Asks: 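Supplied in structure tokens, the structure appears directly below.
Side chains are part of it too, since the values below use all heavy atoms of this structure and drop only hydrogens, waters and symmetry mates. Owing to the predicted nature of the structure, the values given are computational and were not obtained by experimental measurement. Lettering follows sequence order; numbering is per chain, from 1.
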Amino acid sequence: MEIADLPIPPDLAASYARRGITELYPPQAACVEAGLLLGKNLLIAIPTASGKTLVAEMAMHHQVERGGKCLYIVPLRALASEKFEEFSGKGLRVGIATGDLDRRDDYLGRNDIIVATSEKVDSLLRNRTPWLAEITLLVLDEVHLIDDPSRGATLEMVVAKLRHKNPAMQIIALSATIGNPGDLAGWLDAELVESDWRPVDLREGVFFQNGIQFADHNREVGRQSKYEDLDLVLDTVEEGGQCLVFVSSRKNAEAFAKRAASGLKLANPTLAGYADKIRSNAGTDMGRILAACVAQGAAFHHAGLAREERQIVEAGFREGEIKVIASTPTLAAGLNLPARRVIVRDYLRFNAGEGMVPIPVREYRQMAGRAGRPHLDPYGEAVLIAKSEEMIGELFDCYIDAPAEDVRSQCANEAVLCTHILSLIATNFARETGEVLRFMDGTFYAHCGESPRALSRAVDRVLEFLREAEMITEVGEWLEPTEYGSLVSRLYIDPRSAEVIVTAMTGRKEYTDIGLLQLLCSTPDMLTLYVRRNDMYLLDRFLADHRDELWMEIPWDAGEGFDRSLKTALLLLDWANEVGEETICERYNVGPGDVYGVVESVAWLVHASRHLARLFAPHLAGPIEEMELRTKHGIKKELLPLIRLRGIGRVRARRLFNNGLGSLEALRAAGPEKVGKVIGQKIAAQVFEQLEGVRDEIEEVGEEQATLFRFG
DNA sequence: GTAACAACGATATAGACAGCATGTC
DNA sequence: CTATATCGTTGTTAC
């Protein structure tokens with residue numbers, strides 16, 4: 001099928017032509033035949049890299065040409081910015097809405113295409129964003145994630161809410177290969193387009209001893225080291241390709257990268273450049289190891305990396321300079337980063353409570369699908385490693401030839417249902433129990449006919465919890481949100497978290513930093529760190545001296561959960577006391593990426609608890625607000641006045657303070673020149689410009705107060 | 001007596017969304 | 001309870 005013959009805007013066709021795309025891939029053509037450009041709903045279950053994005057893009061341009069508006073939902077922030085870049089500059093107004101970066105919400109509605117994470121859309125719905133009612137095309141990327149135990153229900157509820165609002169809206173769902181695409185398609189009233197066609201040939205095989213067995217042929221792999229996995233990498237690199245190696249833990253990723261580095265022993269100025277950049281930014285051990293590996297053409301990739309380190313590794317691999325990345329599943333689901341050979345080395349992964357469990361087939365597919373770069377590699381290879389002869393057949397059966405798992409709704413899970421039911425009531429999607437249940441009829445859960453009684457029992461229990469917590473009230477048969485309930489819904493925190501926080505705040509405890517932090521770290525919304533045996537000493541020592549500073553009673557059977565919350569809280573306390581990043585990473589055995597992760601996570605919860613404090617414990621609002629700024633910036637109390645200035649972060653604020661310039665008055669008294677000596681003339685000038693403004697503000701406030709006083 | 005190394009046992013284990021209002025060195 | 005790689009300790013050998 002020729003692109004020129006399609007009813008899409010000429011500008012778009014021209015931009016494809018410039019990129020050398022003149023004809024559709026077979027699965028793309030199948031989408032058009034199934035009614036893509038006729039407004040039909042589609043579920044497109046085709047492999048990664050076979051052109052799903054292009055399909056969605058054509059439909060979006062087609063809709064906008066007819067005056068429509070499109071919402072493109074993705075599961076990850078990184079994916080949101082990737083898609084945003086991709087859709088921008090093709091004639092349409094594109095907006096992006098994620099937690100980090102968003103255009104003003106009302107302004108967002110002026111775009112033709114809005115890219116957002118599912119949680120952000122949920123939050124926009126809760127805040128009654130008007131333009132959501134104007135959506136005529138909804139694109140769901142990676143829709144199979146509806147199966148995710150913790151986040152899947154959000155996507156499901158968002159889809160149900162949007163369909164409820166805009167019944168005529170077209171839906172295009174993009175999915176990996178799944179076991180029951182028919183069920184999903186049925187739910188969405190969509191035509192199913194299924195295919196396993198790929199632009200690059202994919203060969204899947206199992207390595208054993210000295211060769212890879214594929215379905216129809218074998219391939220020798222020269223043995224040159226005592227490590228099988230390393231030989232597999234060297235084999236591809238010698239041939240001019242790159243490798244992605246998926247392993248089960250961060251340690252494994254780092255260890256493999258080290259091994260690969262000493263096996264490759266590459267060296268060139270570009271690699272040295274990457275290495276220098278990493279080394280100059282990172283003070284941590286991990287960063288130094290990464291730099292050393294990158295210098296020799298290998299790298300590792302996991303969530304402990306700082307953002308910049310990730311970017312360098314990804315860019316270096318895309319440029320073809322870095323030959324191998326050893327990665328945890330970070331790279332499997334996220335970015336588009338293909339390589340000629342993908343090695344799935346660890347197909348068992350540690351799972352809390354279960355020990356080592358085999359990864360799902362779908363995840364294997366996702367990793368294997370990264371093999372083969374379109375237009376660059378002659379073919380792609382996905383390789384599993386067998387430890388014994390018997391394993392060869394087993395791996396073929398369990399992964400290569402195995403059908404993908406079914407996706408199942410996660411809606412009946414009480415823990416996640418809690419937050420969604422509250423939001424239904426808070427936003428008037430449902431005003432009585434019957435309406436809640438009727439709304440749930442529109443979910444994937446109900447469509448699959450999974451036990452309706454289990455769902456209604458779960459709903460009852462959730463409603464009871466919400467009533468008891470006084471987040472909703474029941475007047476006759478009517479359900480209404482209380483001020484508390486609607487606040488919790490808008491703050492976008494789990495009602496169970498809110499209960500934990502409010503209960504502790506109203507317990508008349510004296511404010512302590514660690515009390516607040518540990519409390520927040522024990523809520524289900526908080527991302528907490530693993531506790532190793534080594535950490536226990538640190539925790540015990542803290543408890544010995546500061547036990548009474550905690551707000552929470554230490555449960556007599558304090559288990560892993562408590563330890564994790566305390567460890568995370570201690571890290572955050574260090575952070576807010578300006579302990580250096582390197583010290584923190586060493587002390588808690590984490591990477592810089594983890595530090596930013598927990599800081600971001602807690603900053604959000606501190607913000608939420610400040611709002612809760614205003615409602616339930618006003619005397620705590622002040623100290624919590626201070627803590628909000630301190631966690632956000634990583635500063636001690638004494639820098640609070642300075643941090644409010646634009647252009648002043650934790651480093652400059654500390655410099656000023658140490659030079660005796662700890663307050664706005666001190667800055668004013670010192671004058672621009674003296675301040676300039678500490679933080680540079682240019683920034684100093686900026687600061688003084690603001691100081692004028694601040695003075696005006698203070699005077700204004702003063703007048704207002706004076707006025708009030710007069711009337712009082 | 002000491003260095004190098006094998007054998008063994010203890011140890012530890014992936015990822016990541018949201019609020020809000022603007023800007024680090 | 002499940003698996004695997006790493007790392008520290010102890011035990012062994014070679015000079």
Asks: If the C1' atom of C:dT4 is compared with that of B:dC17, how far apart are they to the nearest Å?
Replies: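 One C1' to the other, the span is 31 Å.
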
Asks: The criterion is salt bridge (Lys or Arg N to Asp or Glu O under 4.0 Å); which residues satisfy it with A:Arg630, sequence neighbours excluded?
Replies: A:Asp513

Asks: Excluding sequence neighbours, so at least two apart, what forms salt bridge (Lys or Arg N to Asp or Glu O under 4.0 Å) with A:Arg587?
Replies: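 Expected list: A:Asp574.
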
Asks: A:Leu124 has an atom CG; how far is it from atom P of B:dC20, in whole Å?
Replies: 10 Å

Asks: Hey, where on DNA chain C does chain A first and last touch, going 5' to 3'? Cut-off is any atom under 4.0 Å from a heavy atom.
Replies: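 That gives a stretch of C:dC1 to C:dT6.
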
Asks: Let's test your reading of the pairing rules: Watson-Crick or G-U wobble, both distances under 3.5 Å, then write DNA chain B as a dot-bracket string with ( ), [ ], | and dots.
Replies: |||||||||||||............

Asks: Applying side chain to side chain contact (heavy atoms under 4.5 Å, CB included), name anything that partners A:Ala257, two or more places apart in sequence or on another chain.
Replies: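 So A:Ala257 forms a side chain to side chain contact (heavy atoms under 4.5 Å, CB included) with A:Cys293, A:Phe300.
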
Asks: Considering every strand and a 4.0 Å limit on heavy-atom distances, what is the contact class for A:Gln686: base, sugar-phosphate, or nothing?
Replies: nothing

Asks: In plain terms, say whether A:Arg654 and A:Glu578 are close enough for a salt bridge, that is, a side-chain N and a carboxylate O under 4.0 Å apart.
Replies: yes

Asks: Using a heavy-atom cut-off of under 4.0 Å over every strand shown, decide if A:Ile679 touches base, sugar-phosphate, or nothing.
Replies: nothing

Asks: Can you pull every protein N or O that's under 3.5 Å from an N or O on nucleotides 14-18 of chain B?
Replies:
{"residue": "B:dA14", "atom": "OP1", "partner": "A:Arg250", "partner atom": "N", "Å": "2.9"}
{"residue": "B:dA14", "atom": "N1", "partner": "A:Arg349", "partner atom": "NH1", "Å": "3.3"}
{"residue": "B:dG15", "atom": "OP1", "partner": "A:Ala303", "partner atom": "N", "Å": "2.6"}
{"residue": "B:dG15", "atom": "OP1", "partner": "A:Thr328", "partner atom": "OG1", "Å": "3.2"}
{"residue": "B:dG15", "atom": "OP2", "partner": "A:Arg250", "partner atom": "NE", "Å": "2.9"}
{"residue": "B:dG15", "atom": "OP2", "partner": "A:Arg250", "partner atom": "NH2", "Å": "2.8"}
{"residue": "B:dC17", "atom": "OP1", "partner": "A:Arg77", "partner atom": "N", "Å": "3.1"}
{"residue": "B:dC17", "atom": "O4'", "partner": "A:Arg151", "partner atom": "NE", "Å": "3.4"}
{"residue": "B:dC17", "atom": "O4'", "partner": "A:Arg151", "partner atom": "NH2", "Å": "3.1"}
{"residue": "B:dC17", "atom": "O3'", "partner": "A:Thr117", "partner atom": "OG1", "Å": "3.4"}
{"residue": "B:dA18", "atom": "OP1", "partner": "A:Gly99", "partner atom": "N", "Å": "2.8"}
{"residue": "B:dA18", "atom": "OP1", "partner": "A:Thr117", "partner atom": "OG1", "Å": "2.7"}
{"residue": "B:dA18", "atom": "OP2", "partner": "A:Arg77", "partner atom": "NH1", "Å": "3.0"}

Asks: So which one's nearest nucleotide on DNA chain B is more toward 5', A:Gly649 or A:Asn534?
Replies: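 Closer to the 5' end of DNA chain B: A:Asn534.
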
Asks: Tell me: CD of A:Glu308 to C1' of B:dT24, nearest whole Å?
Replies: 12 Å

Asks: Is A:Arg126 touching bases, backbone alone, or none of the nucleic acid, heavy atoms closer than 4.0 Å?
Replies: nothing

Asks: Do you see a donor-acceptor pair shorter than 3.5 Å between the side chains of A:Ser150 and A:Asp148?
Replies: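 A pair is found: one side chain offers a donor N or O, the other an acceptor, under 3.5 Å apart.
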
Asks: Base, sugar-phosphate, or nothing: which does A:Gly680 touch, judged by heavy atoms less than 4.0 Å apart?
Replies: nothing

Asks: What pairs with A:Tyr484 under ring pair (Phe, Tyr, Trp, His ring centres under 6.0 Å), at least two apart in sequence or on another chain?
Replies: A:Phe616

Asks: Who passes side-chain hydrogen bond (donor to acceptor under 3.5 Å, both in side chains) against A:Ser489, sequence neighbours left out?
Replies: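 With neighbours one apart ignored, the set is empty.
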
Asks: What integer distance in Å separates A:Tyr107:OH from B:dA21:P?
Replies: 19 Å

Asks: In whole Å, I'd like the distance from the CG atom of A:Leu656 to the C1' atom of B:dT24.
Replies: 14 Å

Asks: P atom, B:dA18 versus C:dC1: distance in rounded Å?
Replies: 40 Å

Asks: How many whole angstroms separate atom CG of A:Asp535 from atom C1' of B:dT11?
Replies: 13 Å

Asks: Kindly write out the residues that satisfy ring pair (Phe, Tyr, Trp, His ring centres under 6.0 Å) with A:Tyr588, not counting sequence neighbours, or none if the list is empty.
Replies: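 By the ring pair (Phe, Tyr, Trp, His ring centres under 6.0 Å) rule, A:Tyr588 matches no residue at all.
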
Asks: So what does A:Ala255 hit on the nucleic acid, given a heavy-atom distance under 4.0 Å: a base, only sugar-phosphate, or nothing?
Replies: sugar-phosphate

Asks: Quick one: do A:Glu600 and A:Arg77 make a salt bridge, cutoff under 4.0 Å?
Replies: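 Salt bridge: yes.
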
Asks: As a quick check of understanding, evaluate side-chain contact (heavy atoms from CB on, under 4.5 Å) for A:Glu156 and A:Ser409, giving each step before the final call.
Replies: CA-CA 8 Å; A:Glu156 193 176 333; A:Ser409 168; 2.9 Å; yes

Asks: Of all residues at least two apart in sequence or in a different chain, which pass the side chain to side chain contact (heavy atoms under 4.5 Å, CB included) check with A:Ser601?
Replies: A:Met526, A:Leu527

Asks: Taking for each residue the nucleotide of DNA chain C with the nearest heavy atom, is it A:Val357 or A:Lys387 whose nucleotide lies nearer the 5' end?
Replies: A:Val357

Asks: When the distance from CZ of A:Arg614 to P of B:dG19 is rounded to whole Å, what number comes out?
Replies: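 My rounded result for the distance is 17 Å.
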
Asks: Could you say whether A:Ile643 or A:Asn589 is positioned toward the 5' end of DNA chain B, judged by the nucleotide with the nearest heavy atom to each?
Replies: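 Taking each residue's closest nucleotide, the earlier one in sequence belongs to A:Asn589.
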
Asks: How would you list, by chain and number, every residue that makes a side-chain hydrogen bond (donor to acceptor under 3.5 Å, both in side chains) with A:Arg365, sequence neighbours excluded?
Replies: none

Asks: Name all residues meeting the side chain to side chain contact (heavy atoms under 4.5 Å, CB included) criterion together with A:Pro360; count only those two or more places apart in sequence or in a different chain, and write none if there are none.
Replies: A:Glu363, A:Glu405

Asks: I need the CD1-C1' distance between A:Ile493 and B:dC20, as an integer number of Å.
Replies: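 Rounded to whole Å, this separation is 14 Å.
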
Asks: Rounded to the nearest angstrom, tell me the gap between atom CZ in A:Arg307 and atom P in B:dT24.
Replies: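 A:Arg307 atom CZ is separated from B:dT24 atom P by 14 Å.
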
